[in-house]
Protein chains: 2
Amino acid sequence: MGEQGHGGARRAVQTWESLFRAQVTIMRRLQSDPVWDGVTLREYDVLFSLTKGPDEGMRLRDLNELILLSQPSLSRMVDRLASRGLVERRSAPDDARGTVVRLTPAGARVQRSVGRAHARAIATYVGGALDDDELATLQDLLERLRAAQASIPDVAPPAASDAGEDAPGA
Amino acid sequence: MGEQGHGGARRAVQTWESLFRAQVTIMRRLQSDPVWDGVTLREYDVLFSLTKGPDEGMRLRDLNELILLSQPSLSRMVDRLASRGLVERRSAPDDARGTVVRLTPAGARVQRSVGRAHARAIATYVGGALDDDELATLQDLLERLRAAQASIPDVAPPAASDAGEDAPGA
DNA sequence: GTAAGGTCGATGCGAACGCATCGACCGCTC
DNA sequence: GAGCGGTCGATGCGTTCGCATCGACCTTAC
């Protein structure tokens, strides 16, 4: 009753459930790691994301897309990180509204330190579960799953006018 | 320098990062779905988990393992759900300490309603990204990743004596 | 230029979170 | 069966979250 797109709906839901549960299970183990003394997992996520960006820093807006946190929450978290000396805020050179966040040397040091221990835990929990080929396959599929999101429109049309329910759009 | 277990550490870390990012990206889209009027995604997770258990209900302790939430937070969330009439708390028949939580008919109805819309969104975002074979492969790998956690010991030994860094253990 | 609409990030506020702790209860030992 | 360590779930408390909103600024149209 109603397969759509490529995959059947049922299989897609089951796969998402597996993805979600796997994430929960491993995340829970990672959180119990004593590494998080002094830095929350979400805070680490911010520090880590900053290392992936250019050295000049990142706009708050761009950083926010990488992190599962509302804009106000991220704003305040950056506040806290800045007051601890782990990041630096500056106003964007080309946009007076914008704020650029950058890791301080201390922040980079903390990120590396925590990241090392974090990586060790991941290697154990993820690397200990699947062999190298399987990891490569898994990573590839996840990467494509994520990349495909850019070309999939929202299920809920932003401005659904009462008429025209059947416009195929693009 | 230092491959361990099956997979290389590097690949494991990259795979986890992909898993995490994919989860963030899709979760963010799911959260923007208007379905969540009246029920939080975390609340839905509780309701959904209850449908997966026996009809008599589940112990709070067991429920807590399925959900990424601290024990006190789950306790209070169940309070709120109960005060809204979506779940029922009763004391466990064989353990006077324990509490059994069960869906009420109203709670089951809400779960089904939200679940339907939720499933539609997932079918779009996940089913629209990969074909059926790929989904099956992905699900299998994730399932095994999760299942393997039961037999992988914690990285941080509970009582790490200074000596004995190289005990291979099980 | 100036007005209108959109974007960026900060802030007030109530709700929800996690940590630490507690009382109640189970299971075990002696 | 009394005592003792461990488990279960509730509660006090400070912190952080998301929602709604705001001021500042950019952009486009006229």
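In this text, all values refer to a predicted model and were calculated from it rather than measured experimentally. Reminder, nothing fancy here: chain letters follow the sequence lines and each chain counts from 1.
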How close or far is atom [atom2] of [N] from atom [atom1] of [X], stated in whole angstroms?
X        : N       : atom1 : atom2 : answer
Arg76(B) : dG14(D) : CZ    : P     : 13 Å
Leu60(A) : dC25(D) : CG    : C1'   : 16 Å
Arg42(B) : dG18(D) : CZ    : C1'   : 11 Å
Ile67(A) : dG18(D) : CD1   : P     : 12 Å

Name the nucleic acid region contacted by [X], choosing base, sugar-phosphate or nothing; use a 4.0 angstrom heavy-atom cut-off, strictly under.
X        : value
Arg80(A) : sugar-phosphate
Leu74(A) : nothing
Thr99(B) : sugar-phosphate

> Do Arg21(B) and Ser49(A) meet the criterion of a side-chain donor-acceptor pair at a distance under 3.5 Å?
Replying inline: yes
>> Heavy-atom nearest nucleotide on DNA chain D for Ser70(A) versus Ala96(A): which residue maps closer to 5'?
In response: Ser70(A)
> How do Glu43(A) and Asp94(A) order along DNA chain D: which one's closest nucleotide is nearer the 5' end?
Replying inline: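 Looking at DNA chain D, the more 5' nearest nucleotide goes with Glu43(A).
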> Less than 4.5 Å apart, any side-chain heavy atom of Met27(A) and any of Leu41(A)?
Replying inline: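 Yes; the side chains approach each other to less than 4.5 Å.
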>> I want to check something: taking the side chain as every heavy atom from C-beta on, are Leu66(A) and Met58(A) in contact at a cut-off of under 4.5 Å?
In response: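 Side chain of Leu66(A) against side chain of Met58(A), heavy atoms only: contact under 4.5 Å found.
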State whether the number of non-hydrogen atoms from other residues, nucleotides or ligands found under 6.0 Å of [X] atom [atom1] is greater than 12.
X        : atom1 : answer
Arg89(B) : CZ    : yes
Arg61(B) : CZ    : no
Arg90(A) : CZ    : no

> If you walk 5' to 3' along DNA chain C, what is the first nucleotide with an atom under 4.0 Å of a heavy atom in chain A, and what is the last?
Replying inline: dG6(C) to dC13(C)
> More 5' along DNA chain C: Asp95(A) or Asp79(A), using each one's nearest nucleotide?
Replying inline: Asp95(A)
